[in-house]
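Below is one structure, written out as structure tokens, with a few remarks after it.
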Amino acid sequence: MRYVKWILILLIVAFVAAFFHYTLPGRDVARIVDTEVRRVDFGENSIFWAGADTGQTAGTVNRDVRFINAVRPNGRVMVYRNEDTGWGWPPYFKLDSSNLQTEAADLVSTQAEPQWVVITHYGWRNEFMSIFPNAVGVRRVDSPDVQLIPYLNIAILVFFFAFVFWLWRAWDRFKQRRIEPLVDGVSIAIDNADRRADSTRERFLAWIGTWRGKPRK
Amino acid sequence: MIAVLRLVFLVFLVQTVLFLLISGIQRWNARKRAWAEWEALEGSRIDWDTYLEREMREYGRSIRKKLIWSVYIVPMVIVILLVYFVNFA
């Protein structure tokens, strides 16, 4: 039973961590090599794609998606999709995918003359499911070694943990005030019943004893 | 357009539930505070109903009560700021 409890807690923690890792903004330093649009047919990975551009027909089976292809300073490649999140989840309220695509196209550079940029994004790249992080913003930087401190993520996580702590405290206090007195009452009742049973047994044994001529105490 | 309206409607619903909940709790707490103060009054106690009415009128004017409106205001400001910084800055 204890293992079941711990496995459940671990699963919940893993799920919450994955949720934040997917949803919170991350920033990559990269060099944009190409921007493109290609048609995507959504399948079992459709949950990892956003919707059509804000104001356009939603829920189509396939549509054209903008992509930004980039190379990281360590030489590894990264492909971002560039979709509106619109008014839905996650709450980035990104409505300017076309503008972002133009900015990205403007920042395309070659290996010989790199123009480094910081790409803000959320989501995961996963080759097995063909999913891509969604680029949210792009900004030019002079060198690839910029120090990026995720103040917003720190603030959001601090608020989240403070909220969880507060909930836990409230629940704990509720338990102490309302549930423990009940449990105490029940255990007192059980003790009483137990004691009564004991004395009944003693009296019964004493009565049996009288058959063999033992005097009752 | 539908998507915006749906968002506004859902957020409004959640905010209203929160608003009513917090209002109720705050009111209850104000009442409890008033009771504690009234009990601490020695000798020259006035009638509890009159005292409560006066205290609750004071609570109605307090900043504590007005701050509950931030349940509506803060998310709206955050959304407007997000829309601006993500798309136009």
Side-chain angles (χ1 to χ4, degrees), chain A residues 23-27 50-60 66 80 82-104 118-123 134-140 150-153 155-156 159-160 163 166-167 169-170 173-174 177, chain B residues 1-40 52 59 62-89:
Chain A
T23 314
L24 288 179
R27 281 177 291 186
D53 284 3
T54 314
Q56 295 177 357
T57 309
T60 47
R66 303 176 192 85
Y80 303 90
N82 176 15
E83 292 184 291
D84 275 8
T85 65
W87 307 99
W89 192 263
Y92 281 84
F93 303 105
K94 180 188 169 200
L95 315 163
D96 66 337
S97 298
S98 293
N99 296 5
L100 182 62
Q101 194 75 356
T102 312
E103 285 169 43
V118 169
I119 300 177
T120 309
H121 63 86
Y122 74 87
N134 191 1
V136 179
V138 61
R139 155 172 82 84
R140 69 173 74 216
Y151 289 111
L152 182 71
N153 292 356
I156 290 173
F159 266 108
F160 173 75
F163 179 67
W166 175 79
L167 266 187
R169 275 275 308 275
R173 258 188 293 169
F174 175 76
R177 245 185 312 172
Chain B
M1 212 48 212
I2 303 288
V4 190
L5 293 180
R6 198 178 49 196
L7 176 79
V8 169
F9 179 69
L10 283 178
V11 170
F12 179 76
L13 266 185
V14 173
Q15 287 170 329
T16 304
V17 168
L18 267 181
F19 183 86
L20 293 177
L21 209 73
I22 296 174
S23 298
I25 291 170
Q26 289 280 50
R27 221 178 154 68
W28 178 248
N29 284 343
R31 216 186 141 91
K32 272 206 302 203
R33 271 199 305 276
W35 176 255
E37 280 168 31
W38 183 74
E39 278 210 312
L52 180 69
Y59 166 71
S62 69
I63 186 89
R64 199 189 278 269
K65 192 185 174 188
K66 291 188 184 108
L67 273 179
I68 305 177
W69 287 104
S70 56
V71 164
Y72 287 104
I73 296 163
V74 169
M76 200 172 70
V77 170
I78 288 177
V79 169
I80 291 172
L81 284 179
L82 268 177
V83 168
Y84 176 73
F85 281 110
V86 171
N87 300 292
F88 302 106

| Tell me, do A:F93 and B:V83 make a side-chain contact under 4.5 Å, heavy atoms counted? | yes
| request: Would you mind telling me which of B:V79, B:L7, B:V8, B:V4 has the largest number of heavy-atom pairs within less than 4.5 Å of chain A? | output: B:V4
| Taking C-beta and beyond as the side chain, do B:F88 and A:N99 meet within less than 4.5 Å on heavy atoms? | no
| query | Does A:R27 CZ have over 12 foreign heavy atoms under 6.0 Å away? | reply | yes
| Winner by heavy-atom pair count (cut-off under 4.5 Å) against chain B, out of A:V136, A:L95, A:T54, A:T120 | A:L95
